[in-house]
Structures are given as C-alpha cells and as structure tokens.
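Here is the structure we will look at.
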Amino acid sequence: KKKKKKKKFVNRQYNKEKEGEKKEEQEEEEEEEKEPVGGSGGLFFGSRWSVLCDGLMDGVCDRYQRVCLSETQLDFPGQPYSVSVLKVGYCIPHTDGTFKADGTITLIEGIRNILVDTGGPWDREFLLQSLKQRGLEPRDITLVVGTHGHSDHIGNLNLFPSALTIVGYDVSEGDVYLSNQLAEGQAYTVDEHVRIS
C-alpha cells in the first residue's frame with residue numbers, strides 16, 4: 001500500500017509540474033502573439049541578417065534581437081546614422097495553422113540612406129508616403145537590405161532600381177551581381193559604420 005500511495009503522490013507531483021510547464025508555455029505563446037516582430041532601434045533585423053551600425057546607439061550588438069516597440073518609440077536619432085521604424089511588423093498565428101504576418105520596414109538615414117525591408121506589395125503607397133514625409137524619394141535610397149525573401153519583406157524592391165540591393169547572399173546593382181563573401185559568413189562592409197552579415 002505504501003508503494004501505491006507513494007507512486008500516486010509522485011504521479012500527482014509529476015502531473016502538477018507538467019501542468020505548470022504547459023501553463024507557462026501557453027502564457028509565453030500568448031505573449032508572443034502580442035509582440036510585433038522587428039528590431040530594437042533598427043539596429044537588429046530578422047532572420048540571419050544583422051545590420052550593425054557601430055556607434056549609432058549605446059551598446060551595439062551583433063546578434064538578432066526581438067523587442068516590442070510602442071507606436072511612440074519609432075525614431076532613434078544618432079550620429080552618423082539615425083534609425084526610423086516606418087512600420088512595425090507582426091506575426092499572429094491562427095488556430096487553423098495559418099498566420100497573419102507583415103514585416104517591419106526600417107529606414108536608416110545618414111551618410112547613406114538605407115532601407116531594411118520594403119514591406120509587401122500592399123505596403124507600396126504607405127512606403128512612398130513614409131519616405132515623402134521625411135523628404136525622401138525612392139532614388140534617395142542608396143542601399144536596400146532584404147532580410148529574407150518573403151513577399152512582406154521584399155515586395156517593393158522594384159521601387160529602388162538604382163539602389164545597391166542585398167537579399168540572401170546576393171549583392172547587386174541592377175542586374176550586376178557583385179562578388180562578396182556573405183555565403184562564407186563574412187560581413188559585407190557598407191562603410192566604416194555599417195556592415196551586413
């Protein structure tokens with residue numbers, strides 16, 4: 001009888017621990033559903049890409065970072081570059097296994113004007129208006145970085161035909177693909193303050 005009681009106690013304890021773990025996981029998932037996906041201060045951008053702006057803000061990191069941004073905390077002045085999150089991205093899973101998502105669009109202004117992700121085709125007018133509000137036209141963007149090839153990240157590349165474009169391991173100016181070492185894990189240096197890895 002003692003063995004059975006002990007076994008039941010152990011099983012109850014195990015079940016309580018598992019229930020606690022499941023509850024914690026569920027709370028984390030619910031919290032993640034609320035979080036926009038994007039970079040903090042525009043310094044860090046998704047996937048395997050990082051845009052590193054040395055000296056832009058306090059403490060530059062070389063790893064992807066996921067941080068919630070409020071609608072009032074979207075501009076980060078700095079020297080020699082300032083960062084503006086034009087649109088905060090999101091990813092909301094649905095119960096049927098699908099999800100609704102849109103990528104973050106970030107503008108880095110300074111020595112060069114850099115756009116990190118262009119949004120989806122549905123963001124075209126929003127992107128043009130956002131640039132115009134900052135006194136910029138598509139021709140003023142000299143570098144476009146697509147963090148990866150999803151349509152909500154590179155859906156407006158065609159607006160920037162004269163910009164240097166980096167998507168995946170490809171670095172191109174128009175239809176000319178430039179030699180680089182991104183596939184070997186080496187950073188692509190834009191200037192002394194910005195490099196893509």
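FYI, side chains are in, hydrogens and waters are out, and symmetry mates aren't considered; it's all heavy atoms of this structure. On a predicted model such as this, the values are computed, not experimentally measured, just so you know.
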Roughly how far apart are [X] [atom1] and [Y] [atom2], rounded to 0.5 Å?
| X | Y | atom1 | atom2 | answer |
| --- | --- | --- | --- | --- |
| Tyr169 | Glu184 | OH | CD | 9.0 Å |
| His150 | Ile154 | NE2 | CD1 | 9.5 Å |
| His153 | Ser151 | NE2 | OG | 8.5 Å |
| Ser84 | Ile105 | OG | CD1 | 12.5 Å |
| Thr147 | Ile196 | OG1 | CD1 | 11.0 Å |
| Ile166 | Ser172 | CD1 | OG | 8.5 Å |

*Partners passing salt bridge (charged side-chain N to carboxylate O under 4.0 Å, His left out) against Asp75 (at least two apart in sequence or in another chain)*: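 Partners of Asp75 by the salt bridge (charged side-chain N to carboxylate O under 4.0 Å, His left out) criterion, ordered by chain and then number, come out as Arg134.
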
*Residues two or more places apart in sequence or in another chain: which of them pass salt bridge (charged side-chain N to carboxylate O under 4.0 Å, His left out) with Asp123?*
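Counting only residues at least two positions away or on another chain, Asp123 forms a salt bridge (charged side-chain N to carboxylate O under 4.0 Å, His left out) with Lys87.
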
So do the side chains of [X] and [Y] get within less than 4.5 Å of each other, counting heavy atoms only?
| X | Y | result |
| --- | --- | --- |
| Ile141 | Leu107 | yes |
| Tyr90 | Lys100 | yes |
| Leu143 | Phe160 | no |
| Leu159 | Thr118 | no |
| Ile108 | Val116 | yes |
| Leu127 | Leu131 | yes |

*Do side-chain atoms of Asn113 reach the backbone of Asp140 as a donor and acceptor pair under 3.5 angstrom?*
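Side chain of Asn113 to backbone of Asp140, a donor-acceptor pair under 3.5 Å: yes, one is there.
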
_Any donor-acceptor N/O pair, Thr98 side chain to His94 backbone, under 3.5 Å_ =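 Checked: no pair found.
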
*Go through the steps for Glu109 and Ile114 under the test side-chain contact (heavy atoms from CB on, under 4.5 Å), then give the verdict.*
CA-CA 6 Å; Glu109 293 178 275; Ile114 303 167; over 6 Å; no

*Among Thr142, Val171, Val144, find the residue that satisfies the side-chain contact (heavy atoms from CB on, under 4.5 Å) test when tested with Leu164.*
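Passing option: Val171.
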
_Considering all heavy atoms, the nearest Phe99-Cys91 contact_ =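 Closest heavy-atom pair between Phe99 and Cys91: CD1-SG, 3.8 Å.
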
*Work out which heavy atom in Leu128 is nearest to a heavy atom in Pro138; give both atom names and the distance.*
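Smallest interatomic distance, heavy atoms only, reads CD2-CG, 3.6 Å.
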
*Is there a side-chain contact (heavy atoms from CB on, under 4.5 Å) between Arg112 and Val194 once you walk through the steps?*
CA-CA 10 Å; Arg112 299 180 66 145; Val194 179; over 6 Å; no

*Same cluster for Leu157 and Trp122 if Ile/Leu/Val/Met/Phe/Trp/Tyr side chains link at under 4.5 Å?*
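Looking at the clustering, Trp122 is in a separate group from Leu157.
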
*Is Val190 reachable from Tyr177 through a run of hydrophobic residues whose side-chain heavy atoms are each under 4.5 Å from the next?*
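Tyr177 and Val190: separate clusters.
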
*asked:* Tell me whether the rings of Tyr81 and His193 are parallel (<30°), tilted (30 to 60°) or perpendicular (>60°).
replied: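 Geometry flag for His193 against Tyr81: perpendicular rings.
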
*Counting heavy atoms not belonging to Asp96, are there more than 12 under 6.0 Å from its CG?*
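Yes - once you tally the heavy atoms of other residues, nucleotides and ligands closer than 6.0 Å, there are more than 12.
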
*With sequence neighbours left out, write down each residue that passes side-chain contact (heavy atoms from CB on, under 4.5 Å) with Thr95, or none if nothing qualifies.*
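With sequence neighbours excluded, Thr95 shows a side-chain contact (heavy atoms from CB on, under 4.5 Å) to no residue whatsoever.
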
_Full working for side-chain contact (heavy atoms from CB on, under 4.5 Å) between Leu115 and Val145_ = CA-CA 6 Å; Leu115 188 65; Val145 178; over 6 Å; no

